[in-house]
2 protein chains.
Amino acid sequence: MATTARRGPYFCGIDAAMDVVAGKWKPLILWELRHYGTRRFAELRRGLPGVSEKMLIQHLREMEEDGLVHREVYREVPPKVEYSLTEHGISLDAALTSLGEWGTDRMRRIGAEKVSVDVAGPVR
Amino acid sequence: MATTARRGPYFCGIDAAMDVVAGKWKPLILWELRHYGTRRFAELRRGLPGVSEKMLIQHLREMEEDGLVHREVYREVPPKVEYSLTEHGISLDAALTSLGEWGTDRMRRIGAEKVSVDVAGPVR
DNA sequence: AGAGGCACTTACCCGGAAGTGAGTACCTCA
DNA sequence: TGAGGTACTCACTTCCGGGTAAGTGCCTCT
């Protein structure tokens, strides 16, 4: 499969955690799911401006495999799939908050631009 | 140059922090420097089994550029360069501890192997 | 004299992560 | 009727992080 291991061996815990969040969109997916509780595929796609469908699916599948997200399929007429965080996903998100704060500080320090993630308008 | 931006724009703080620790050896370098306070190039090389000199230098240069490590050159007869963490490097390392704990938990959960970082033996 | 340590630099190559774009089966709404 | 939404899959390409290997200038040890 396209699923590349993510099973170590690792040097330390940070390694093991980084392996699981490595991927351009994974922290954002975590943030979205944490923020909204549960989201559908198309909602996530709209929430992550610039993500390709292929990448989004691939990341979601890997995160499901890693036990971070839960995937609930509703066999309805317009197909409906809901994604949410598992217990492990929630604790990972919590473990990331201090890193997030450090990053926010850094953005302020270097005066980095922030991508606007507003619900409405297309970016650029 | 080989230095690839690392200046955003970012979606959020986690992005900004991940950008700076992205790189196979950066968390380990952080750990080494944090643990020993100050380390020479060859000491780091020996401490990170499997790292190539090119990668080690490249990572150190980027981390210096990002204000995480301090590079002190002693113009002596056998050249001597000492690396240490800056204030920002120390705070980043601190922000990573909770993530490290999460990763350690995960390693226990999935029963991942741990690379032995003993001074002596070559690993496999 | 030659081996070896120190702190690098340079050139080249490879694999995998990520992007692009199209196709699918079914349904709803204007 | 056809445009668009839903949740995908598949094939192809590009890019770049990381590995390999060699060279450099200077010194010390045997």
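Hydrogens, waters and symmetry mates play no part in the numbers below; they use all other heavy atoms, side chains included. Lettering of chains follows the sequences in order, A, B, ..., and the numbering in each one begins at 1.
- Protein atom CD of A/Gln58 is 10 Å distant from nucleotide atom P of C/dG19, rounded to whole Å.
- Listed by chain and residue number, nothing satisfies the salt bridge (charged side-chain N to carboxylate O under 4.0 Å, His left out) test with B/Arg71 (two or more places apart in sequence, or in another chain).
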Please produce a list of atom pairs where a protein N or O lies less than 3.5 Å from an N or O of nucleotides 4-8 of chain D.
unit_1, atom_1, unit_2, atom_2, d
D/dT6, OP2, A/Arg46, NH1, 3.4
D/dT6, O3', A/Arg40, NH2, 3.1
D/dT6, O3', A/Pro79, O, 2.9
D/dA7, OP1, A/Arg40, NE, 3.1
D/dA7, OP1, A/Arg40, NH2, 2.9
D/dA7, OP1, A/Val81, N, 3.1
D/dA7, OP2, A/Ala42, N, 3.2
D/dC8, OP1, A/Arg61, NH2, 3.3
D/dC8, OP1, A/Arg71, NH2, 2.2
D/dC8, OP2, A/Tyr83, OH, 2.9
D/dC8, N4, A/Glu53, OE1, 2.2

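- Every residue two or more places apart in sequence or in another chain that forms a side chain to side chain donor-acceptor pair (under 3.5 Å) with A/Glu72 is listed here: A/His70.
- Rounded to whole angstrom, the span from the NZ atom of B/Lys24 across to the P atom of C/dA17 amounts to 12 Å.
- By the side chain to side chain donor-acceptor pair (under 3.5 Å) test, A/Ser91 pairs with B/Trp102, sequence neighbours left out.
- In this structure, A/Met55 places its CE atom 16 Å from P of D/dC15, rounding to the nearest Å.
- Residues forming a salt bridge (charged side-chain N to carboxylate O under 4.0 Å, His left out) with B/Arg109 (at least two apart in sequence, or on another chain): none.
- Atom-to-atom, CH2 of B/Trp25 to P of D/dG19 comes out at 6 Å; the value is rounded to the nearest Å.
- Not one side-chain nitrogen or oxygen of B/His59 sits closer than 4.0 Å to the OP1 or OP2 atom of D/dG17.
- Between B/Tyr74 atom OH and C/dC8 atom P there is a gap of 13 Å when expressed in whole angstrom units.
- Atom NZ of B/Lys54 is separated from atom P of D/dG23 by 18 Å (rounded to the nearest Å).
- Between the CE atom of A/Met18 and the C1' atom of C/dA17 there is a distance of 15 Å, given to the nearest Å.
- Taking atom CZ on B/Arg75 and atom P on D/dC27, their separation rounds to 11 Å, with Å as the unit.
- For B/Leu60, the side-chain contact (heavy atoms from CB on, under 4.5 Å) test picks out B/Ile29, B/Phe41, B/Leu44, B/Leu56, B/Tyr83, with sequence neighbours left out.
- In summary, of the residues considered (B/Lys80, B/Glu82, B/Arg40), a side-chain hydrogen bond (donor to acceptor under 3.5 Å, both in side chains) with B/Tyr74 occurs for B/Glu82 alone.
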